[in-house]
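This structure is a prediction, so every number in the text was calculated from the model and none was measured.
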Amino acid sequence: MLVPLVELRLLNQRKRQLYQQILNQITNETAEVKESLNSQESAERIQEELGDLLHAIIALIIFKNYDTEKIMIRSEEHTSELQSHVRIS
């Protein structure tokens, strides 16, 4: 009975480590996007950094087992709002 408990603790520890790695990756990728924008790097380079950030965010969504469809719908709502503001400016 002790072995399954130890295995469960190790699994939970590994999950916490992976979760922290994903959060760190999001933080790092956000900093890299900001740095690329501030340095006025090429659009291609900025898009690469945005892709890396998006990948990290998707990893978080999958890890937390969130409803991807709901997230995408909400994202589309924000995109519509942003496009409306850009048209007004």
Side-chain angles (χ1 to χ4, degrees):
M1 188 70 174
L2 191 57
V3 174
L5 256 179
V6 171
E7 289 176 4
L8 184 60
R9 284 185 184 152
L10 289 173
L11 179 61
N12 285 335
Q13 181 181 8
R14 178 64 186 130
K15 284 177 69 175
R16 283 191 301 271
Q17 289 172 345
L18 181 57
Y19 178 65
Q20 191 58 50
Q21 287 174 348
I22 292 169
L23 293 179
N24 289 342
Q25 184 180 9
I26 290 171
T27 300
N28 293 338
E29 296 301 340
T30 300
E32 289 179 17
V33 167
K34 185 176 180 180
E35 183 179 325
S36 293
L37 289 167
N38 289 339
S39 300
Q40 297 181 338
E41 293 185 12
S42 69
E44 183 176 331
R45 178 69 182 139
I46 293 168
Q47 289 174 34
E48 286 176 18
E49 295 299 343
L50 287 169
D52 292 345
L53 176 58
L54 184 58
H55 178 268
I57 292 168
I58 290 169
L60 178 62
I61 292 167
I62 292 168
F63 180 84
K64 296 297 282 183
N65 199 27
Y66 289 145
D67 187 331
T68 308
E69 187 175 347
K70 284 183 181 179
I71 292 170
M72 292 305 297
I73 289 169
R74 185 67 181 132
S75 176
E76 289 173 6
E77 290 170 0
H78 285 298
T79 301
S80 295
E81 292 170 13
L82 179 61
Q83 288 174 339
S84 294
H85 290 297
V86 170
R87 282 188 218 117
I88 294 171
S89 300

Cut-off 3.5 Å, no hydrogens considered: what does the side-chain donor-acceptor table look like for residues 21-37, sequence neighbours left out?
unit_1 : atom_1 : unit_2 : atom_2 : d
N24    : OD1    : Q20    : NE2    : 3.2
N24    : ND2    : Q20    : O      : 3.3
T27    : OG1    : L23    : O      : 3.1
N28    : ND2    : N24    : O      : 3.3
T30    : OG1    : I26    : O      : 2.7
S36    : OG     : E32    : O      : 3.0
S36    : OG     : E41    : OE1    : 3.4

Could you identify which residues cluster with I73, counting Ile, Leu, Val, Met, Phe, Trp and Tyr as linked when any side-chain heavy atoms lie under 4.5 Å apart, either directly or through a chain of such contacts?
none
Sequence neighbours excluded, which residues qualify as side chain to side chain donor-acceptor pair (under 3.5 Å) partners of E48?
R45
Kindly write out the residues that satisfy side-chain contact (heavy atoms from CB on, under 4.5 Å) with L82, not counting sequence neighbours, or none if the list is empty.
V86
Keeping the roles fixed (side chain from S75, backbone from I71), state whether a donor-acceptor pair exists under 3.5 Å.
no
Check against side chain to side chain contact (heavy atoms under 4.5 Å, CB included), I46 and E49:
CA-CA 5 Å; I46 293 168; E49 295 299 343; 5.7 Å; no
Salt bridge (charged side-chain N to carboxylate O under 4.0 Å, His left out) against E44, all qualifying residues, sequence neighbours excluded:
none
Between side-chain atoms of residues 54-70 and protein atoms elsewhere (two or more places apart, or another chain), which donor-acceptor pairs fall under 3.5 Å?
unit_1 : atom_1 : unit_2 : atom_2 : d
D67    : OD1    : E69    : N      : 3.0
D67    : OD1    : K70    : N      : 3.2

Over 12 non-hydrogen atoms of neighbours within 6.0 angstrom of CD in Q17
yes
